[in-house]
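Here the structure is laid out as structure tokens; the discussion comes afterwards.
Just the heavy atoms: all of them, side chains too, but no hydrogens, waters or symmetry mates, feed the values below. Predicted model only: the values in this text are computed from it and were never measured.
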Amino acid sequence: MTNKETISLKLKTQALSKELEAKNRQLEIEASLEKVRAVAMGMKEPADMLYVCKTISLQLQSLGVKEIRNVQTAIFYESKGTYMNYEYYAKHKKTFITETLYTNHKIAKAFATKMLKGNGEIYITHLKGQKVKDWLAYQKTTNVFIDRFLEKAGSLNYYWHSLGPVALGISTYAPLSKVDLNLFNRFLNVFELAYTRYLDIEKALAQAREAKIETSLEKVRAQAMSMMKSDELLKVCESVFKELRMLGFNETDLRNT
């Protein structure tokens with residue numbers, strides 16, 4: 001074999017090796033996406049959105065994304081100026097559900113305004129040095145989880161993607177590379193599946209709640225219709241309180257009615 005042929009064979013081998021590595025990488029990514037998809041399909045209650053966030057975070061870490069702070073979702077309620085925040089903190093290994101106000105800080109306002117413009121909107125912000133400390137000081141005035149790692153962090157980086165009334169976000173202690181950011185974007189379609197499942201669950205819970213209310217009303221109505229004496233009104237009142245307790249009202253709520 002001539003030297004030229006040897007060089008040509010070496011180049012072909014290198015090209016085939018790179019092609020194989022690329023295919024293996026795609027298989028790894030697809031396997032990670034499938035794990036998130038399985039969690040999304042297995043959701044049984046709204047709080048299971050936490051496990052979707054956790055799984056996305058763990059899979060991104062397994063694919064080589066470093067310095068993940070948290071993965072979170074924001075489900076907006078414009079009438080209240082809040083969003084329901086489901087989040088998983090990677091270093092703390094903790095999950096939280098928090099209803100968060102977005103109208104009392106310029107960064108929060110900018111984020112919410114951008115996300116509420118609709119599907120496909122992106123909001124990215126990078127905080128460095130003193131701005132990280134200022135943001136942490138602001139968070140300490142709110143009801144959100146306080147991440148003590150921010151006390152020594154050189155930067156805090158938010159990447160948010162809107163799917164309409166809901167957004168998927170990741171924050172990191174170091175800026176994401178273009179490769180890592182593109183990788184995170186691949187999880188958006190899977191997350192959309194999780195949100196669809198979330199809406200289905202909320203609808204089913206609302207329907208079940210309405211059915212329970214109607215059943216309770218019918219019980220009280222039947223007792224009221226069977227009254228023969230005025231002093232039986234006390235039993236009807238007792239029945240009302242019993243049904244309210246079964247519907248989840250606590251003693252304080254009942255005392256104030």
Side-chain angles (χ1 to χ4, degrees), residues 29 32-33 36 49-50 52-76 83-98 100-163 166-192 194-195:
I29 294 172
S32 290
L33 292 171
V36 177
M49 184 65 82
L50 291 170
V52 175
C53 293
K54 180 178 180 178
T55 306
I56 291 174
S57 178
L58 293 176
Q59 292 309 308
L60 286 171
Q61 285 179 301
S62 73
L63 292 169
V65 180
K66 302 182 185 301
E67 295 299 318
I68 296 174
R69 175 176 174 260
N70 75 350
V71 171
Q72 59 190 123
T73 71
I75 300 173
F76 291 93
Y83 60 90
M84 195 61 71
N85 201 9
Y86 294 82
E87 51 189 338
Y88 171 73
Y89 282 82
K91 287 191 175 183
H92 297 273
K93 298 181 180 179
K94 291 182 178 180
T95 55
F96 298 94
I97 302 175
T98 312
T100 305
L101 190 68
Y102 62 75
T103 58
N104 60 349
H105 192 282
K106 63 180 182 180
I107 292 178
K109 283 181 182 178
F111 148 69
T113 299
K114 188 75 169 178
M115 294 296 94
L116 288 169
K117 284 184 177 180
N119 195 340
E121 292 292 334
I122 297 173
Y123 179 79
I124 298 175
T125 188
H126 304 285
L127 305 178
K128 296 180 181 179
Q130 185 59 42
K131 289 185 177 181
V132 177
K133 292 179 173 59
D134 292 342
W135 179 248
L136 180 59
Y138 156 70
Q139 289 196 319
K140 288 179 179 178
T141 68
T142 71
N143 63 339
V144 304
F145 171 68
I146 301 304
D147 176 14
R148 297 296 179 184
F149 286 104
L150 289 181
E151 293 173 354
K152 296 183 178 180
S155 73
L156 174 58
N157 311 272
Y158 284 101
Y159 305 86
W160 282 98
H161 296 264
S162 175
L163 293 172
V166 63
L168 175 66
I170 183 173
S171 66
T172 60
Y173 299 108
L176 290 177
S177 66
K178 287 185 179 180
V179 172
D180 289 344
L181 190 53
N182 288 336
L183 183 59
F184 177 64
N185 293 345
R186 300 255 325 245
F187 285 85
L188 281 174
N189 289 337
V190 182
F191 173 71
E192 190 168 11
Y195 181 59

Do you know the tightest heavy-atom contact between V71 and I68? CG2-CG2, 4.5 Å

Which atom pairs, one a donor and one an acceptor, fall under 3.5 Å between side chains of residues 55-63 and the rest of the protein, sequence neighbours left out?
from: T55; atom 1: OG1; to: Y51; atom 2: O; distance (Å): 2.6
from: Q59; atom 1: OE1; to: S32; atom 2: OG; distance (Å): 2.9
from: S62; atom 1: OG; to: Q59; atom 2: O; distance (Å): 2.7

Residue pairs meeting salt bridge (charged side-chain N to carboxylate O under 4.0 Å, His left out), one or both in residues 137-158, sequence neighbours left out, come to R69-D147, R148-E151

Considering all heavy atoms of both residues, which atom of S155 and which atom of A174 are nearest to each other, and what is their separation? OG-CA, 3.9 Å

Is there any salt bridge (charged side-chain N to carboxylate O under 4.0 Å, His left out) pair reaching into residues 122-134, and which pairs are they, with sequence neighbours excluded? none

Parallel, tilted or perpendicular: which describes the rings of H161 and F184, with under 30° parallel and over 60° perpendicular? tilted

So CD of E87 and NZ of K94: to nearest 0.5 Å the spacing works out to 12.0 Å

Can you name the salt bridge (charged side-chain N to carboxylate O under 4.0 Å, His left out) partners of K91, sequence neighbours left out? E67

Looking at residues at least two apart in the chain, or sitting in another chain, which of them share a side-chain hydrogen bond (donor to acceptor under 3.5 Å, both in side chains) with T142? none

Of all residues at least two apart in sequence or in a different chain, which pass the salt bridge (charged side-chain N to carboxylate O under 4.0 Å, His left out) check with E121? K114

Would you check if there is a donor-acceptor pair between the side chains of N85 and T98 at a distance under 3.5 Å? no

For T141 and N104: C-alpha separation, side-chain torsions, deciding distance, then whether side-chain contact (heavy atoms from CB on, under 4.5 Å) applies. CA-CA 11 Å; T141 68; N104 60 349; 5.7 Å; no

Would you mind reporting whether H126 and Y159 have side-chain heavy atoms less than 4.5 Å apart? yes

Between T73 (side chain) and L168 (backbone), is there a donor-acceptor pair under 3.5 Å? no

Is there a side-chain contact between I75 and Y86, using heavy atoms and a 4.5 Å cut-off? yes

Contacts satisfying ring-ring contact (aromatic ring centres under 6.0 Å, His included) that involve residues 105-125 (not counting sequence neighbours) are F76-F111, Y83-F111, H105-W135, H105-Y138, F111-W160

Tell me the closest heavy-atom pair linking M49 and F191, and the distance in Å. SD-CE1, 3.7 Å

Please list all pairs passing the salt bridge (charged side-chain N to carboxylate O under 4.0 Å, His left out) test where one or both residues lie in residues 182-191, with sequence neighbours left out. E30-R186

I'd like to check the side-chain hydrogen bond (donor to acceptor under 3.5 Å, both in side chains) partners of N189; sequence neighbours left out, ordered by chain and number. none

Apply side-chain contact (heavy atoms from CB on, under 4.5 Å) to the pair L156 and L136, showing each step before the final yes or no. CA-CA 10 Å; L156 174 58; L136 180 59; over 6 Å; no

What is the distance from atom CZ of F145 to atom CD of Q139, rounded to the nearest 0.5 Å? 10.0 Å

Euclidean distance, I146 CD1 relative to N143 CG, rounded to 0.5 Å: 9.0 Å

Residues which pass side-chain hydrogen bond (donor to acceptor under 3.5 Å, both in side chains) with D180, listed by chain and number, not counting sequence neighbours: S177

Roughly how far, to the nearest 0.5 Å, is OG1 of T125 from CG of N157? 8.5 Å

Shortest non-hydrogen contact from G154 to V132? O-CG2, 4.2 Å

Are I97 and L50 packed together at the side-chain level, in the sense that at least one heavy-atom pair is separated by less than 4.5 angstrom? yes

